[in-house]
2 protein chains.
Amino acid sequence: MRIGELAERTGVSVRALRYYEEQGLLASQRSESGQRRYEENAIGRVRLIQQLYAAGISSASILEMLPCVVTGVAAPQVMTKLIGHRSSVVKQIEELQETLLQLDRVIAGATEAYATGKPCPPQ
Amino acid sequence: MRIGELAERTGVSVRALRYYEEQGLLASQRSESGQRRYEENAIGRVRLIQQLYAAGISSASILEMLPCVVTGVAAPQVMTKLIGHRSSVVKQIEELQETLLQLDRVIAGATEAYATGKPCPPQ
DNA sequence: CCTACCTCTGACGTTAATGTCAGGTTCCTA
DNA sequence: TAGGAACCTGACATTAACGTCAGAGGTAGG
């Protein structure tokens with residue numbers, strides 16, 4: 001498929017896809033005229049990249065880990081990084097869960113406060 | 001306490017603390033000579049700010065929500081935003097958990113592969 | 001073959017949360 | 001009271017992951 005279709009099917013912008021290629025994260029075949037062509041599996045690859053980005057992992061780190069994530073095989077140094085990222089992700093999850101509690105506390109409290117008629121201060 | 005101490009006790013840089021103030025997120029008393037002075041509760045406030053930042057919430061949104069998070073009272077429009085952020089945080093957690101699964105799969109797979117002696121491809 | 005839409009490269013713009021530097025003032029301890 | 005550490009404001013630098021634009025070429029349906 002061409003880049004526009006991949007963009008649409010993954011929900012990622014065309015610009016972002018070209019950026020991924022620039023970073024070495026996403027390969028493409030080229031047509032004679034130089035247009036990018038992708039296989040079906042590119043969709044999974046793009047989703048994976050986005051997932052790793054969402055975990056706060058940089059392009060450079062993703063570049064290191066990607067082949068291993070795909071093949072399931074990692075060199076020891078990469079393993080170390082993987083484990084590091086793993087614990088970082090665990091930590092992020094824990095922190096977000098705490099944040100969630102905070103938000104819930106506010107939402108519950110605010111609802112109740114409104115039931116009792118106490119307004120929110122302007123600032 | 002002065003800004004340096006607050007920075008050290010929260011693990012946040014002095015520059016960041018001044019930035020928080022600039023954004024209206026963190027108030028300070030000023031000494032006669034103009035130096036910032038903070039109460040003990042500033043520590044909790046800074047931690048809270050960092051937590052919200054970690055949840056991907058912008059300064060502007062934090063500014064809106066902060067008084068409500070502190071007082072537990074929110075105006076209806078803020079409530080709407082709070083609920084929006086809540087679900088965004090839930091989504092982030094879910095995505096991170098998926099990422100964690102991916103990473104675990106790789107780590108487990110890689111360990112096994114290494115046990116069987118198959119190396120990681122260079123790229 | 002025409003036309004509207006898609007794609008290309010290259011380059012500069014954007015945003016948010018800081019880092020960093022300069023040049024000057026304040027604080028505290030010996 | 002001296003001097004180094006900590007603080008001030010102001011301003012420009014940075015980084016990552018894109019957005020956006022220009023100018024040129026490719027593609028597919030009618």
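Chain letters run A, B, ... following the sequence lines, proteins first and then strands; every chain starts at 1. Because the structure is predicted, anything quoted here is derived from the model rather than measured.
Defined by atom type and a distance below 3.5 Å, a donor-acceptor pair is missing between the side-chain atoms of B/Tyr53 and B/Ser58.
Atom-to-atom, CD of B/Gln29 to P of D/dC8 comes out at 14 Å; the value is rounded to the nearest Å. In this structure, B/Ile57 atom CD1 and C/dA17 atom P are separated by 11 Å, rounded to whole Å. Residue A/Leu25 contributes atom CG, which lies 13 Å from atom P of D/dA16 at whole-angstrom precision. Taking atom CD of residue A/Gln23 and atom P of nucleotide D/dA17, one finds them 7 Å apart after rounding to whole Å. One interatomic measurement links the two molecules: CG of A/Leu52 to P of D/dA16, which rounds to 17 Å at whole-angstrom precision. Atom CD in A/Glu21 sits about 12 Å away from atom C1' in C/dT9, given to the nearest Å. Summarising the geometry, the separation between CG on A/Leu6 and P on C/dC8 is reported as 11 Å, rounded to the nearest angstrom. A/Ile3 places its CD1 atom 12 Å from the C1' atom of C/dT9, with the value rounded to the nearest Å.
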Letter by letter from the 5' end, nucleotides 18-29 of chain C scores (B base, S sugar-phosphate only, - none; protein heavy atoms under 4.0 Å) BBB-----SS--
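If you run side-chain contact (heavy atoms from CB on, under 4.5 Å) between A/Leu6 and each of A/Met1, A/Arg45, A/Arg37, only A/Met1 comes through.
A heavy atom closer than 4.0 Å to some atom of DNA chain C occurs in no member of residues 84-95 of chain B.
Distances shown here put every side-chain N or O of B/Arg18 at or beyond 4.0 Å from the OP1 or OP2 atom of D/dT9.
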